[in-house]
Amino acid sequence: MRCDEIRQDRTDPSFRVTNNKHRMDDEDLAAILTSTSTDATTTSRAQLDEKHSQKSDLASSFLSTLSDDSLIDYITNNNDGNPSPAPTVTTTTEPEYTRGDYFHEKKARQDEQDQLLREQYRTNLGAEPPQIFQNCIIYINGYTVPGRLQLHEMIVLHGGKFLHHLSAKKKVTHIIASNLPLKKRLEFQNYKVVKPDWIVQSIAQGKLLPWQDFALLTNLDERQKKLPLLLPKKQDSKTIVDCNDPNFISSYFQNSRLHHLSTWKSDLRAKFLNEMDFTRTIEKTDPLTIFHFDFDCFFATVAYMYKDPQLKCDMDVDPIVVCHGNKNSDIASCNYVARKYGIKNGMWVSQAEKLCPANVKLITLPYNFEQFAKKSEIFYNVLKDSNFFDLILPMSIDEAICVMVLDPMSNREKLETICRDIRAKVFTETKGCSISVGCADSLILARLNLKKSKPNGAFILNSNELDSDFLNEFKPDDLPGVGYSIVSKLREKFSTSNLTLQDLKNESTLISLQDCVGQKLGLKIHLALQGKDDEESSKLIYDPESILERKSLSLEINWGVRFNEINQVDTFIDRCCQYLHEKLNDLEKLTPQITLKIMKRAPDAPIEPAKYLGMGRCVPFNKSSRLGTPTNELGIIATEVKSLYRIIGCPPNEVRGVSIQFNKLCSPSINQQPALKLPFVKLNAPPNNIQDKTNHEFKKRKISLETPTMRLISPPKKFDILTSFEEKFIENLPTQIGEELKKDLRIKKKIQQTKRKEIEEEITKRQDLVKNYKSHFFSENSLFEPIKFQNISNFKKISQMIMEWVDGTLREGGPHERDVKLFEKYLIRLCDSNRVHLVLRLSNLISNKLNVCPRRDNEERGFQEWERILMKLMVPILNRNKHTFQTVRKLDIDYDL
DNA sequence: AGTTCTCTCCAG
DNA sequence: CATCGCTGGAGAGAACT
Ligand SMILES: Nc1ccn([C@H]2C[C@H](O)[C@@H](COP(=O)(O)OP(=O)(O)OP(=O)(O)O)O2)c(=O)n1
């Protein structure tokens with residue numbers, strides 16, 4: 001029986017069915033009883049459209065050469081009064097510009113930025129920081145505390161060189177890591193691997209401390225090298241419980257079978273593409289024989305071979321499954337005895353136990369990922385070394401499709417020999433893993449034959465031999481592309497009883513199939529019933545590259561995800577982005593589009609689901625964003641995702657899953673690079689001029705400035721902005737309980753956001769990022785000292801002074817930018833020293849002031865400026881730091897009393 | 001009418 | 001103790017140009 005998980009829709013109290021096979025817990029069961037199907041609401045899409053930036057009639061304007069992203073950059077810089085440095089002038093395109101050049105240039109740009117950072121620091125503090133790390137070339141591996149960004153800044157400020165990527169060619173003097181998996185430990189054993197504290201302490205003491213005192217690998221002795229197999233079991237004394245642990249992602253992935261399956265698959269695909277040059281291209285006119293090989297109950301077989309010898313069980317007698325737990329744990333693989341009782345891969349152990357007869361005990365075995373990988377490698381080597389095949393297409397860790405240019409009809413005996421040889425060879429070389437093989441003149445029949453051959457067999461049948469007896473042995477979901485949902489559609493349309501493929505063939509026509517399951521799949525099934533492949537499937541043989549090449553990159557974690565505060569979400573998102581960023585750079589790719597999916601606990605699902613730390617029944621929320629220009633910058637990516645999370649607006653304690661996707665990938669192209677090198681001709685033009693031009697650009701890009709709802713800076717009434725300020729703040733307070741309605745309101749509002757609003761947010765976001773980044777680093781020492789502002793340390797006096805400043809500048813068209821910067825710095829220092837409540841107090845004072853002060857016509861500007869500071873500077877600071885607010889607020893109240 | 005985006009489904 | 005519910009791709013239909 002196939003089961004599924006039901007998720008509640010966002011807008012409709014009824015339910016939607018999704019297909020997660022063989023899985024059901026009691027909560028789901030209850031939900032199924034009330035289920036109907038509905039569509040999900042769609043969130044508004046990101047609307048910056050690259051096309052508009054490419055219009056040729058704008059070629060004369062510098063601004064028109066900028067992507068949306070760069071345009072925003074440009075405006076941001078201009079607002080800061082911080083024009084970018086004049087770039088080198090190169091206007092001609094260079095056709096030889098290669099990917100390597102790109103990364104080379106990127107490094108050069110990075111070096112420039114590092115230099116700039118040092119200069120800024122010098123200007124700000126009037127002194128050169130001690131060049132502690134003068135001759136160090138440092139690489140940071142994986143997740144660290146403090147984070148990569150901070151360490152990077154610390155290193156370059158103090159004279160070190162920072163390596164973004166580690167490669168054999170590059171020299172590296174030190175590797176920083178907080179933690180290393182055993183594999184990496186061995187890989188790095190000849191490097192100086194140090195804990196991040198080495199950086200922190202060296203800076204604190206103003207001198208380069210001996211790295212040995214901070215070595216991470218002191219414990220890597222002979223004993224450990226010899227016992228890599230035993231180590232994973234022992235683990236550290238501290239077990240990693242949920243996603244707030246800095247090492248959660250790697251520890252989780254190390255144990256996730258689905259993660260392993262996915263990464264193995266993509267590795268195999270990459271390997272195939274790498275070795276493509278040596279494989280023969282198959283022509284449509286070639287006569288073909290297809291072999292479909294697959295291990296029998298792969299994980300179960302291998303786990304059984306390496307089981308604890310104390311555990312007595314028999315593969316041919318006992319039902320055996322591979323899983324982590326013993327109740328609500330997924331079964332990755334079950335042996336054929338277990339299948340006899342109706343147990344299937346993907347089921348929960350508890351359900352499998354119910355299927356076993358009373359006197360039969362279900363045996364559970366742990367995973368052995370290392371051996372799974374080894375057996376697979378042997379399998380692929382046997383296929384390759386046999387030299388039988390013209391093409392070896394990896395389907396998964398335990399499954400490959402092999403193609404021979406050979407007429408299968410007239411070479412029957414040869415086919416039988418090949419099947420026998422390969423199966424025997426794999427069995428001996430793996431020391432006991434049986435594989436099965438289906439062989440035919442089409443992909444689909446090879447697959448059906450494989451199914452029929454299992455376990456431990458071979459079956460050959462070509463399309464000219466196809467008959468009703470054969471088709472009667474299969475069910476619809478034996479066809480590729482037919483799963484839970486399609487089966488139920490077919491059942492509804494064709495037959496209620498147990499439908500075999502022969503039944504389906506008898507009862508269906510091409511049209512009726514297409515009517516039932518759609519054009520493409522309908523045709524695919526129709527052809528399959530005649531033993532023929534559809535066009536899309538055949539591509540795998542004739543154009544494997546197009547099928548096996550990577551088109552996207554993503555990460556998804558729906559286990560162990562539990563948050564209390566938004567800061568934890570942000571931190572987790574940062575770590576996810578760091579993970580993806582590494583992959584993206586390994587691929588040497590950029591992404592122009594990012595999607596965030598949040599799994600939110602379904603309103604009526606229990607807070608804790610049946611499965612320990614599982615996601616339970618959830619509602620998915622998707623939001624995607626098209627970046628103005630493709631990027632591989634961690635900062636941009638992480639900021640974007642965190643911003644998407646805020647747009648989705650799911651309370652942290654309701655989040656059960658996080659998924660981040662780079663929907664498209666592109667290579668750094670020649671076209672992009674020269675654009676960045678264009679001279680900043682108009683840089684010194686007067687502000688009005690710039691304003692006109694940016695407006696012009698907005699217009700050209702169909703980003704309207706006229707719509708009233710977009711007038712962010714001057715809302716219709718000051719009363720409105722104050723309520724919305726208060727509402728916004730109140731609703732974000734940790735004390736809020738059961739404010740679902742308000743949240744929904746907020747989500748709806750967000751959905752109505754316009755392009756202009758999105759751009760405004762983009763600008764703020766970036767400024768926030770920079771500020772956040774800097775302030776965090778520079779304010780570290782101030783935690784327990786009185787926070788001074790303008791050399792006053794008494795808060796009451798400070799707030800008096802600030803209010804006078806507000807009062808005065810309200811009538812003068814707003815405060816000076818530089819003063820605002822100082823003010824902001826002060827606010828951030830307050831937050832960083834756990835004094836968010838004081839920021840709140842200042843916010844309230846200013847908000848009251850704006851509300852109470854009589855507003856004269858010619859003073860509109862000053863009010864607007866202060867409203868902007870309130871909304872765009874102070875509220876974000878409060879939001880960013882509200883996690884520290886709850887504890888301090890008590891003190892604040894006590895203090896006030 | 002073609003293109004892009006969002007959502008669903010599937011496989012292993 | 002529980003438990004490790006990933007990831008990439010195809011296709012349909014809606015929403016755009
Ligand atoms: N829901 C699933 C399906 C599969 N797998 C893993 C374990 C399987 O051993 C391996 C290969 O999957 P198969 O579909 O080939 O299934 P088996 O090899 O277990 O059995 P068989 O191929 O004999 O039917 O992938 C998993 O972890 N979870």
Side-chain angles (χ1 to χ4, degrees), chain A residues 4-5 16-21 23 25 37 39-47 49-52 239-243 248-249 251-266 269 294-295 298-299 323-330 332-333 345-346 348-349 366-367 395-399 477 479-487 489 517-522 524 534 536-537 539 546-561 593 595 597 599 608-618 620 622-624 626 656-657 659-664 702:
Chain A
D4 51 331
E5 204 154 86
R16 183 155 34 107
V17 183
T18 71
N19 99 308
N20 280 333
K21 294 179 188 174
R23 209 185 287 146
D25 48 44
S37 148
D39 288 331
T41 51
T42 54
T43 46
S44 71
R45 64 195 192 94
Q47 296 177 336
D49 192 334
E50 265 179 297
K51 264 198 267 179
H52 300 298
T239 45
I240 293 166
V241 276
D242 66 25
C243 65
F248 173 76
I249 296 178
S251 112
Y252 172 59
F253 280 171
Q254 270 175 41
N255 292 300
S256 163
R257 75 187 203 281
L258 293 174
H259 170 78
H260 276 98
L261 287 178
S262 299
T263 40
W264 281 328
K265 180 170 173 170
S266 73
R269 286 177 166 215
D294 184 316
F295 281 76
F298 182 50
F299 284 16
C323 53
H324 282 295
N326 45 35
K327 200 169 161 226
N328 303 320
S329 170
D330 277 27
S333 178
N345 292 358
W348 280 7
V349 175
Y367 293 84
M395 303 309 290
S396 78
I397 183 78
D398 80 323
E399 180 183 348
D477 52 347
L479 295 176
V482 178
Y484 175 83
S485 166
I486 303 294
V487 165
K489 282 183 186 172
V517 299
Q519 292 287 307
K520 288 280 179 78
L521 186 57
K524 185 185 164 96
D534 62 307
E536 183 63 32
S537 308
K539 260 198 209 161
S546 75
I547 299 290
L548 299 181
E549 76 178 348
R550 179 187 281 275
K551 290 141 200 137
S552 67
L553 175 65
S554 67
L555 156 156
E556 188 158 351
I557 299 183
N558 296 311
W559 188 88
V561 178
Q593 199 185 6
T595 302
K597 181 173 78 179
M599 291 308 230
E608 281 311 321
K611 187 195 278 289
Y612 173 66
L613 287 180
M615 68 192 295
R617 216 145 35 76
C618 282
N622 275 287
K623 177 76 190 167
S624 83
R626 179 175 273 256
R656 293 287 178 275
S659 152
I660 300 167
Q661 299 150 46
F662 300 156
N663 313 62
K664 277 204 193 84
K702 298 236 164 63

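All chains are named by letter (A, B, ...) in the order of the sequence lines, taking the proteins before the strands, and each is independently numbered beginning at 1.
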Which is more 5' along DNA chain C, the nucleotide nearest A:G325 or the one nearest A:R269? Just name the residue.
A:G325
Roughly how many Å is it from CH2 in A:W348 to C1' in C:dT3, rounded to a whole number?
11 Å
Atom-to-atom span, CD of A:Q519 to P of B:dT8 - whole angstrom:
21 Å
Are A:V561 and A:Y252 close enough, and set up right, to give a side chain to side chain contact (heavy atoms under 4.5 Å, CB included), and what steps lead you there?
CA-CA 11 Å; A:V561 178; A:Y252 172 59; over 6 Å; no
I'd like to know if A:K611 pairs up with A:D330 as an ion pair, taking the criterion as any Lys NZ or Arg NE/NH1/NH2 lying under 4.0 Å from an Asp or Glu carboxylate oxygen.
yes
Given B:dC5, is OP1 or OP2 found less than 4.0 Å from the side-chain N or O atoms of A:R626?
yes
For A:K265, give me all partners under salt bridge (charged side-chain N to carboxylate O under 4.0 Å, His left out), at least two apart in sequence or on another chain.
none
A:N622 side chain N/O closer than 4.0 Å to the phosphate oxygens (OP1, OP2) of B:dC7?
yes
A:N345 CG to C:dG5 P, in whole Å, measures 13 Å
Report the nucleotide, chosen from C:dG8, C:dC6, C:dC4, that has the shortest atom-to-atom distance to any side-chain atom of A:N558.
C:dC6
B:dC9, B:dT6, C:dG5: which one has an atom nearest the side-chain heavy atoms of A:I486?
B:dC9
At under 4.0 Å between heavy atoms, what does A:G560 touch on the DNA or RNA strands: base, sugar-phosphate, or nothing?
nothing
Side-chain heavy-atom pair A:H324, A:R257 within 4.5 angstrom cut-off:
no
Roughly, in whole Å, what's the span from CD1 in A:I547 to C1' in B:dA11?
14 Å
Atom CG of A:N663 and atom P of C:dG9: how far apart are they, to the nearest Å?
11 Å
Shortest side-chain distance from A:K551, nucleotide among C:dA12, C:dG8, C:dA10
C:dA10
Residue closer to the 5' end of DNA chain C, A:S554 versus A:Y367 (nearest nucleotide)
A:Y367
What's A:K265 touching, base or sugar-phosphate or nothing? Going by heavy atoms closer than 4.0 Å.
nothing
Between C1' of B:dT8 and NZ of A:K520, the distance in whole Å
16 Å
Using a 4.0 Å heavy-atom cut-off, does A:G614 contact any base of the nucleic acid, only the sugar-phosphate backbone, or nothing at all?
base
Within the pair A:S329 and C:dA2, is there a side-chain N or O less than 4.0 Å away from OP1 or OP2?
no
Name the nucleic acid region contacted by A:N326, choosing base, sugar-phosphate or nothing; use a 4.0 angstrom heavy-atom cut-off, strictly under.
sugar-phosphate
Hey, does A:R656 reach any base, or is it just sugar-phosphate, or nothing, if we go heavy atoms under 4.0 Å?
nothing
Is there ring stacking between A:Y612 and C:dA2, where the centres must be under 5.5 angstrom apart and the planes under 30 degrees?
yes
Closest to side chain of A:L261, choosing from C:dG5, C:dA12, B:dG12
B:dG12
With a cut-off of less than 4.0 Å, is there a side-chain N or O of A:K623 near OP1 or OP2 of B:dT6?
no
Regarding A:F253, tell me which of base, sugar-phosphate or nothing describes its non-hydrogen contacts under 4.0 Å with the strands shown.
sugar-phosphate
In whole angstrom, what separates A:M395's CE from C:dT7's C1'?
15 Å
Using a cut-off of less than 4.0 Å, is there contact between a side-chain N or O of A:S262 and OP1 or OP2 of C:dG8?
no
Taking any heavy-atom pair under 4.0 Å as a contact, classify A:H259: base, sugar-phosphate, or nothing.
sugar-phosphate
Holding to salt bridge (charged side-chain N to carboxylate O under 4.0 Å, His left out), I want the full list of residues that pass it with A:K664, two or more places apart in sequence or in another chain.
none
Distance check needed: C:dT7 P versus A:Q661 CD, whole Å only.
11 Å
Among the nucleotides C:dG5, C:dG11, C:dC4, which one has an atom lying closest to any side-chain atom of A:N255?
C:dC4
Is the phosphate of C:dG8 approached by A:R550 (side-chain N or O, under 4.0 Å from OP1 or OP2)?
yes
Can you tell me if A:S552 touches the phosphate of C:dG9, counting only side-chain N or O atoms and a distance under 4.0 Å to OP1 or OP2?
yes
Check whether any side-chain heavy atom of A:D477 lies under 4.5 Å from a side-chain heavy atom of A:Y484, and answer yes or no.
no
Remember a base hit wins even if backbone is also touched, and classify A:I557 as base, sugar-phosphate or nothing at under 4.0 Å, heavy atoms.
sugar-phosphate
Mind checking if A:K664 touches a base, just sugar-phosphate, or nothing, with heavy atoms under 4.0 Å?
sugar-phosphate
Please evaluate residues A:S659 and A:Q661 with respect to the criterion side-chain hydrogen bond (donor to acceptor under 3.5 Å, both in side chains), reporting the C-alpha separation (whole Å), side-chain torsions for both, the decisive distance (0.1 Å), and the verdict.
CA-CA 7 Å; A:S659 152; A:Q661 299 150 46; 3.1 Å; yes
